[in-house]
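Written below as structure tokens is the structure these notes are about.
Worth saying up front: this structure is predicted, and the values here are computed from it rather than measured.
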Amino acid sequence: MSSKTKKKTVEQIARENDLRVVEKGFFRNKSGVARVEDKTGKKYILKTERIEPQQTKLFEIAKEMERELSFKVPTIIKADKEMILMEEIAGDSLNEFIDGNPDWVIEQSKRIADDYQKVIDRLLQAERVGDLRKDGERWTMGSILTWGGPIVEAGLLRYDDIKNIADKMQTVINEKEEEFFGWAHGNIIGDHIIVSGEELYLLDLNIVPRVGRGYYDFLRAIDFAFLKTKNTQEFYNKISDWLNKYLPNENREEVKLVLANRAIGLLGWDILFHQVEYIKGDLEEKKKLLLEMIKI
């Protein structure tokens, strides 16, 4: 009988590559991301978890295209199925600027989200990465029900409220079919963007099928920034203006539906199920406003 190979630890992979672990858990206490150094004392970032199939290729493409993009990416030193070793970028997370200059943060997020589509387009010219409609629909409908469960269990919404979002989403999918889906990064958030002097660096790359072709990543950036701001109500009040400014030609009802889907994720999965520790500001206020986003 075959047994599943036990996953190597960060320490094991570091030793195999003549590296020493300097610090673990600095990024959301994740055990698979560590600061390491080589024998000369030069420091790097070692990632050993969630190594996505296309990640290394996306880094290569983005590095080749940097002059065309509004962001840079770290140089990859070594990569395989178990690890990515990359240069460490000095600077501040984009999250640090949310309360002082939210308009600038959202503007930069939109630029990066738009430019990342150029990286995706280059990848798709060379490789097939999945079934956009089939994979996208499976993930979207599954996420609504999975994320919605804890909200219903907490008594904040009824099952019918979650089903209403699911039904509306299914209706749009049936009407627009593949046109409603697009390949996206899926997680262009402040945690993954470093402001280093005049440059912005995107640290984590991926490709996933998502609803909201061309704008899902932008909405994802907004919803994560909502979790990270201390000025919850003020930020919430600005969302409509940002949508008007940056998505003037998109169907507003569809945009609100995708945003409602994201709000279900924040409330049900991040806040209630995982009880993530990185949320800033008044938690009850955030819950109340997320419920407003969901009730469309």
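- Of the residues Asn251, Val172, Asn174, the one that meets the side chain to side chain contact (heavy atoms under 4.5 Å, CB included) test with Phe180 is Val172.
- Looking at Thr229, its side chain never comes within 3.5 Å of a backbone N or O of Ala225 through a donor-acceptor pair.
- Between the side chain of Lys228 and the backbone N or O of Lys280, no donor-acceptor pair lies under 3.5 Å.
- Gln233 and Asn237 form a side-chain donor-acceptor contact under 3.5 Å, judged by distance and modelled atom types alone.
- Leu272 places a side-chain heavy atom less than 4.5 Å from the side chain of Leu267.
- A salt bridge does not link Asp217 with Arg220: every distance from a Lys NZ or Arg NE/NH1/NH2 to an Asp or Glu carboxylate oxygen is 4.0 Å or more.
- By the ring pair (Phe, Tyr, Trp, His ring centres under 6.0 Å) test, Tyr116 is found to be paired with His185, residues two or more places apart in sequence or in another chain being considered.
- Tyr278 meets the ring pair (Phe, Tyr, Trp, His ring centres under 6.0 Å) test with Phe224; sequence neighbours excluded.
- The structure places CG of Asp241 at 9.0 Å from CG of Asp103, a figure rounded to the nearest 0.5 Å.
- Contact check on Glu253 versus Lys168 returns no salt bridge, with no Lys/Arg side-chain nitrogen under 4.0 Å from an Asp/Glu carboxylate oxygen.
- Taking the charged nitrogens against the carboxylate oxygens, Glu107 and Lys110 have no contact shorter than 4.0 Å, which rules out a salt bridge.
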Let me check something: any side-chain donor-acceptor pairs from residues 146-159 under 3.5 Å, sequence neighbours excluded? List them with distances.
{"residue": "Thr146", "atom": "OG1", "partner": "Gly142", "partner atom": "O", "Å": "2.8"}

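- To the nearest 0.5 Å, atoms CD1 (Ile120) and CG (Asp115) are separated by 11.5 Å.
- Partners of Asp38 by salt bridge (charged side-chain N to carboxylate O under 4.0 Å, His left out), not counting sequence neighbours: none found.
- Listed by first then second residue, pairs satisfying ring-ring contact (aromatic ring centres under 6.0 Å, His included) with a partner in residues 67-110 read Phe97-Trp104, not counting sequence neighbours.
- Smallest separation of non-hydrogen atoms from Met86 and Ile76: CB-CD1, 3.8 Å.
- The pair Glu137-Arg133 meets the salt-bridge criterion, with a side-chain N (NZ, NE, NH1 or NH2) lying under 4.0 Å from an Asp/Glu carboxylate O.
- With hydrogens and angles left out, the side-chain atoms of Gln12 and Arg15 include no donor and acceptor closer than 3.5 Å.
- Hydrophobic cluster membership for Val22: none, as no Ile, Leu, Val, Met, Phe, Trp or Tyr side chain comes under 4.5 Å of it.
- Between Val33 and Thr48, every side-chain heavy-atom pair lies at or beyond the 4.5 Å cut-off.
- The two atoms that bring Thr232 and Lys286 nearest to each other are OG1-NZ, 2.9 Å, heavy atoms only.
- Judged purely by distance below 3.5 Å, without hydrogens or angles, the side chains of Asp270 and Gln275 never pair a donor atom with an acceptor atom.
- Not counting sequence neighbours, the partners of Asp135 by the salt bridge (charged side-chain N to carboxylate O under 4.0 Å, His left out) test are Arg138.
- Residues Glu127 and Lys57 are not paired through a salt bridge, judged by the lack of any N-O separation under 4.0 Å between the basic side chain and the carboxylate.
- Here the CD-CG distance, from Glu11 to Leu46, works out to 9.5 Å after rounding to the nearest 0.5 Å.
- For Asp80 (side chain) and Met83 (main-chain N/O), a donor-acceptor pair under 3.5 Å exists by modelled atom type.
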Requested in this report: Apply side chain to side chain donor-acceptor pair (under 3.5 Å) to Arg122 and Gln125, showing your working.
Outcome: CA-CA 5 Å; Arg122 182 75 62 86; Gln125 289 171 20; 4.6 Å; no
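- Partners of Phe235 according to the ring pair (Phe, Tyr, Trp, His ring centres under 6.0 Å) rule, which considers only residues two or more places apart in sequence or in another chain, are Trp242.
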**Report entry** side chain to side chain donor-acceptor pair (under 3.5 Å) between Asn206 and Asn187, intermediate numbers included
**Finding:** CA-CA 8 Å; Asn206 197 12; Asn187 228 9; over 6 Å; no
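- In summary, Lys43 and Glu37 engage in a salt bridge, as defined by a charged side-chain N under 4.0 Å from a carboxylate O.
- Looking at Asn261, its side chain never comes within 3.5 Å of a backbone N or O of Leu257 through a donor-acceptor pair.
- Taking a 4.5 Å side-chain heavy-atom cut-off between Ile, Leu, Val, Met, Phe, Trp and Tyr, the cluster of Leu203 extends to Ile89, Ile194, Tyr201.
- Across every non-hydrogen atom of Gly186 and Val208, the tightest pair is CA-CG2, 3.8 Å.
- Gln117 and Asp121 form no side-chain donor-acceptor contact under 3.5 Å, judged by distance and modelled atom types alone.
- Within the cation-pi definition used here (under 6.0 Å to the ring centroid, within 45° of the axis), Arg210 qualifies as a partner of Trp139.
- The shortest heavy-atom contact between Ala34 and Lys24 is CB-CG, 3.9 Å.
- In this structure, Arg213 contributes its side chain and Phe181 its backbone to a donor-acceptor pair below 3.5 Å.
- How far OG of Ser143 is from CE of Met169: 7.0 Å, rounded to the nearest 0.5 Å.
- With a 4.5 Å cut-off on side-chain heavy atoms, Leu85 and Ile45 do not count as touching.
- To the nearest 0.5 angstrom, Leu205 atom CG is 8.5 Å from Ile188 atom CD1.
- Residues Leu289 and Phe226 meet the side-chain proximity criterion, which asks for heavy atoms closer than 4.5 Å.
- Around atom CZ of Arg252, more than 12 heavy atoms belonging to other residues, nucleotides or ligands sit under 6.0 Å away.
- Sorted by first and then second residue, the ring-ring contact (aromatic ring centres under 6.0 Å, His included) pairs with a member in residues 33-62 form an empty list; sequence neighbours excluded.
- Among residues two or more places apart in sequence or in another chain, the salt bridge (charged side-chain N to carboxylate O under 4.0 Å, His left out) test is passed with Glu16 by Lys8.
- Closest heavy-atom contact between Ala166 and Met141: O-CE, 3.2 Å.
- Exactly one residue among Asp92, Asp204, Val105, Leu202 makes a side chain to side chain contact (heavy atoms under 4.5 Å, CB included) with Ile193. That residue is Leu202.
- Here the side chain of Ser93 pairs a donor or acceptor atom with the backbone of Gly190 at under 3.5 angstrom.
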**Report entry** salt bridge (Lys or Arg N to Asp or Glu O under 4.0 Å) between Lys230 and Asp282, intermediate numbers included
**Finding:** CA-CA 7 Å; Lys230 295 177 182 176; Asp282 187 305; over 6 Å; no
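- Nearest heavy atoms, Leu200 versus Ser70: CB-O, 4.4 Å.
- Among residues two or more places apart in sequence or in another chain, the salt bridge (charged side-chain N to carboxylate O under 4.0 Å, His left out) test is passed with Glu179 by none.
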Report task. Begin from the C-alpha positions of Lys287 and Glu284 and carry the test salt bridge (Lys or Arg N to Asp or Glu O under 4.0 Å) through to its verdict. Result -> CA-CA 5 Å; Lys287 289 181 183 179; Glu284 293 307 313; 3.3 Å; yes
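- Put simply, the side chain of Leu243 reaches to within 4.5 Å of the side chain of Leu219, judged on heavy atoms.
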Report task. With salt bridge (Lys or Arg N to Asp or Glu O under 4.0 Å) as the test, would you mind laying out the steps for Lys72 and Glu66 before giving the verdict? Result -> CA-CA 6 Å; Lys72 293 186 174 184; Glu66 274 187 341; 5.1 Å; no
